[in-house]
Amino acid sequence: MGAPDKIAIHNLFGIEGLDIAWYGILIAVGIVAGVLLAVYEAKRRGYTSELLVDFMILALPLAIVGARIYYVAFEWDYYSQHPEEIVAIWNGGIAIYGAIIGGVIAALILSRWRKFPLGRLLDICAPGLVLGQAIGRWGNFVNQEAFGNIVTDPNLQFFPYAVYIQERFTGTEWVIDQWVQATFFYESMWDIGVMVLLLVYARRAKHDGNVFAMYLIGYGIGRFWIEGIRISTLQTGFGMPVSQFLSLILVIIGIVYILVMRKRNKPDVLYEGRYCKDFKKAEA
């Protein structure tokens, strides 16, 4: 059984080396799907799609930079010896948590710039964010990475429980012909479930930021579990995967936020600015 071809289009326009990778295509599809869902959520709440256009102009570059910085920071032993590769993002090496941090920074900037409630903006984007993550995870299958423990029981060597990996690097040697737990699939399906939960909860949430807090809880719980069975993942100094530790922190933040907002029970900020549909009509 051969490994999937990582390249969707070889030598684009006949130019040697100008390839389009499946991973990049899947990430792009995930972004587009996430933005469309966010636009739907914005319109459902009475806002225009311009809100998402302005946000994505900021979020895309900051998310890419954040994803790369996060990865490089936890692989500094390597990149300190190869500084010329720090910007070589085309060779792989990005982290979703870094992208999320970059996206939150973009939301902070837009919120301050346009005076739009930060929690509400994050709530609008949360279902689309986790949908994009669900789609993007399939890039790990194509790249033969981010997999779980080796499956030795022949009765369990089937998809979706397991996935066949043609070859992988253990840190000292290449190992081929292995069945491993399909953690990319586990997380993708978990993310779809979180997306459905957020879409339902968004119609009942009583305070700005609650939907995003629920995203932190839902995604954090799933990622904490999945990181526990993944191998070849970034590690903290005390033997716990970095993403697992951060997932635990995010779950705690989400729970604390919802409890605090419930206790405060203050009304949300009224917004009547440029992103409101009625505002556009008044301008016309």
Side-chain angles (χ1 to χ4, degrees), residues 27-28 30-70 94-136 191 194-195 197-199 201-202 205-220 223 243 246-247 249-258 260-261 264 266-277 279:
I27 292 295
I31 291 173
V32 171
V35 170
L36 291 176
L37 182 54
V39 168
Y40 166 79
E41 275 295 289
K43 291 185 175 181
R44 184 184 67 80
R45 293 168 180 256
Y47 304 118
T48 66
S49 59
E50 184 183 352
L51 171 62
L52 274 302
V53 173
D54 288 350
F55 174 67
M56 291 306 297
I57 289 173
L58 293 169
L60 274 177
L62 287 176
I64 293 172
V65 171
R68 185 59 173 176
I69 290 176
Y70 184 102
I94 58 175
I96 186 61
Y97 276 138
I100 293 172
I101 292 171
V104 171
I105 292 174
L108 282 166
I109 294 172
L110 183 63
S111 176
R112 290 291 186 89
W113 176 33
R114 295 300 193 187
K115 310 300 181 185
F116 191 87
L118 175 61
R120 200 171 306 168
L121 176 58
L122 293 175
D123 287 349
I124 289 170
C125 295
L129 169 61
V130 76
L131 173 61
Q133 289 174 267
I135 296 172
D191 290 348
V194 172
M195 179 197 68
L197 170 66
L198 296 183
L199 290 174
Y201 181 65
K206 296 181 179 180
H207 302 288
D208 286 343
N210 276 18
V211 175
F212 187 73
M214 189 62 72
Y215 159 78
L216 296 180
I217 297 170
Y219 178 73
R223 187 65 183 270
S243 293
L246 184 54
S247 296
I249 298 299
L250 295 184
V251 170
I252 294 172
I253 291 174
I255 292 173
V256 169
Y257 182 88
I258 289 177
V260 169
M261 293 303 291
R264 290 178 60 185
K266 290 185 177 180
D268 291 333
V269 176
L270 180 64
Y271 176 79
E272 296 178 328
R274 61 181 291 129
Y275 298 122
C276 291
K277 293 179 181 178
F279 181 85

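For the numbers below, each heavy atom of this structure counts, side chains included, while hydrogens, waters and symmetry mates do not.
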Please enumerate all residues that pass side-chain contact (heavy atoms from CB on, under 4.5 Å) together with Ile57, with sequence neighbours excluded.
Val53
For Val39, check side-chain contact (heavy atoms from CB on, under 4.5 Å) against everything at least two apart and list the hits.
Val35, Lys43, Ser49, Leu52
Should Ile101 and Ile69 be marked as a side-chain contact (heavy atoms from CB on, under 4.5 Å) after you check the CA-CA gap, both sets of side-chain angles, and the distance that decides it?
CA-CA 11 Å; Ile101 292 171; Ile69 290 176; over 6 Å; no
Table please: side-chain donor-acceptor pairs of residues 113-129 below 3.5 Å, with sequence neighbours left out.
residue	atom	partner	partner atom	Å
Arg114	NE	Tyr275	OH	3.4
Arg120	NE	Asp208	OD1	3.2
Arg120	NE	Asp208	OD2	3.1
Arg120	NH1	Tyr47	OH	2.9
Arg120	NH2	Asp208	OD2	2.9
Arg120	NH2	Val269	O	2.4
Asp123	OD1	Gly209	N	3.3
Asp123	OD1	Val211	N	3.2
Asp123	OD1	Phe212	N	2.9
Asp123	OD2	Gly209	N	2.7

Find the distance between [atom1] ([X]) and [atom2] ([Y]) and round it off to the nearest 0.5 Å.
X: Ile31; Y: Leu131; atom1: CD1; atom2: CG; answer: 12.0 Å
X: Met261; Y: Arg264; atom1: CE; atom2: CZ; answer: 5.5 Å
X: Tyr201; Y: Lys206; atom1: OH; atom2: NZ; answer: 9.0 Å
X: Glu41; Y: Leu199; atom1: CD; atom2: CG; answer: 5.5 Å
X: Leu250; Y: Ile100; atom1: CG; atom2: CD1; answer: 7.5 Å
X: Asp191; Y: Leu198; atom1: CG; atom2: CG; answer: 10.0 Å

Minimum heavy-atom separation for [X] to [Y], with atom names?
X: Ser243; Y: Tyr70; result: OG-OH, 4.3 Å
X: Ile217; Y: Gly254; result: CD1-C, 3.6 Å
X: Ala42; Y: Thr48; result: CB-O, 4.4 Å

Suppose we screen for side chain to side chain donor-acceptor pair (under 3.5 Å). Which residues come up paired with Tyr215, at least two apart in sequence or across chains?
Gln133
Step-by-step side-chain contact (heavy atoms from CB on, under 4.5 Å) determination, Glu50 to Asp54:
CA-CA 6 Å; Glu50 184 183 352; Asp54 288 350; 3.9 Å; yes
Any side-chain hydrogen bond (donor to acceptor under 3.5 Å, both in side chains) involving residues 101-111? Give me the pairs, sequence neighbours left out, ordered by first then second residue.
none
Which pairs, with at least one residue in residues 97-107 and sequence neighbours excluded, count as a side-chain hydrogen bond (donor to acceptor under 3.5 Å, both in side chains)?
Tyr97-Ser247
